[in-house]
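Reading through the structure tokens given below for one structure.
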Amino acid sequence: RKEVEQDPGPFNVPEGATVAFNCTYSNSASQSFFWYRQDCRKEPKLLMSVYSSGNEDGRFTAQLNRASQYISLLIRDSKLSDSATYLCVVTPGRRALTFGSGTRLQVQP
Amino acid sequence: DAGVTQSPTHLIKTRGQHVTLRCSPISGHKSVSWYQQVLGQGPQFIFQYYEKEERGRGNFPDRFSARQFPNYSSELNVNALLLGDSALYLCASSYMTVPDTQYFGPGTRLTVL
């Protein structure tokens, strides 16, 4: 079983739509959680950290459910520029970042 | 301020050869981590260095080695290259070790023929 599992997609949505991604993680000792965004053939860039209380950054909302070991990302009012691969990332203990395989989002005009 | 820099950007090698990849962290950052990203997968952790000491190692063979220099830059070395080593190699820097925020460089794209 992979440490971090994501639906690979692609999610094809029209501009203005709301889209949600989930990911699950296997290590209950994981301490920190993130969403990274990766454009085609570019490096990953931190989108936002994820906290148990939930956090929001503009059109992006992230949630963590420790009991069920899943993390979610909600994108409202999708823009063409949101098209990318979204990587779910956890840190089991103080080890390095553990990435999921990513979920591809394609926002269409 | 300059971000994480990596060199070279692209590299083509043949099986059995050796390769050295270089990374310069963001100024003031003391930790460097290396990741391998195969097409269609998320990055996989290879090494982490902090203050010139190895602080973590992923599940990679001994053909992979790394070091960090006094100026905090780092090298990743891969010996006896295999076709399966073809990937994007990413370097990430942070002020301290994980879970401190890591910032990624643009990567080195290695092709092994």
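Numbered from 1 within each chain, the chains take letters A, B, ... in sequence-line order.
- The environment of CG in B:D62 is sparse: at most 12 heavy-atom neighbours from other residues, nucleotides or ligands sit within 6.0 Å.
- Residues B:Y35 and A:L97 meet the side-chain proximity criterion, which asks for heavy atoms closer than 4.5 Å.
- Residue-environment remark: CZ (B:R15) stays at or below the threshold of 12 foreign heavy atoms within 6.0 Å.
- Between B:L90 atom CG and A:K42 atom NZ the span is 12.5 Å, to the nearest 0.5 Å.
- Contact of B:R109 with chain A is made through the side chain alone, with heavy-atom distances under 4.5 Å.
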A:E43/B:Q6 under side chain to side chain donor-acceptor pair (under 3.5 Å): CA gap, chis, key distance, verdict: CA-CA 11 Å; A:E43 74 273 22; B:Q6 292 187 243; over 6 Å; no
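- The cluster map of Ile, Leu, Val, Met, Phe, Trp and Tyr, joined by side-chain heavy atoms under 4.5 Å apart, puts B:L81 and B:I46 in the same cluster.
- Looking at A:R41, the atoms closer than 4.5 Å to chain B (heavy atoms on both sides) sit in the backbone and in the side chain alike.
- The interface of residues 17-25 of chain B with chain A, defined by heavy-atom distances below 4.5 Å, is empty.
- The local environment of CG in B:L39 is sparse, with at most 12 non-hydrogen atoms from other residues, nucleotides or ligands closer than 6.0 Å.
- Annotation for A:Y51: atom OH does not count as buried by contact number, only 12 or fewer foreign heavy atoms lying within 6.0 Å.
- Atom CZ of A:F21 is surrounded by more than 12 heavy atoms from other residues, nucleotides or ligands within 6.0 Å.
- Between chain A and the residues B:G58, B:P43, B:P106, B:G105, the largest count of heavy-atom pairs under 4.5 Å involves B:P43.
- A ring-centre distance under 6.0 Å is found for B:F104 and A:Y36.
- Using a 4.5 Å cut-off between heavy atoms, B:Q44 makes no contact with chain A at all.
- Linking ILVMFWY side-chain heavy atoms closer than 4.5 Å, directly or via other members, places B:F64 and B:L88 in two distinct hydrophobic clusters.
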Chi angles and distances behind the side chain to side chain contact (heavy atoms under 4.5 Å, CB included) call for A:F99, B:F45: CA-CA 9 Å; A:F99 287 80; B:F45 170 65; over 6 Å; no
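- By the 6.0 Å contact criterion, CZ on A:R37 is enclosed, its count of non-hydrogen atoms from other residues, nucleotides or ligands being greater than 12.
- Within 6.0 Å of atom CZ in A:F60, more than 12 heavy atoms from other residues, nucleotides or ligands are found, so the atom counts as buried in its surroundings.
- Cluster membership for B:V32 and B:I26, using ILVMFWY side-chain heavy atoms within less than 4.5 angstrom, is not shared.
- Within a 6.0 Å sphere centred on OH of A:Y70, other residues, nucleotides and ligands contribute 12 heavy atoms or fewer.
- Neither the backbone nor the side chain of A:Q6 has a heavy atom closer than 4.5 Å to any heavy atom of chain B.
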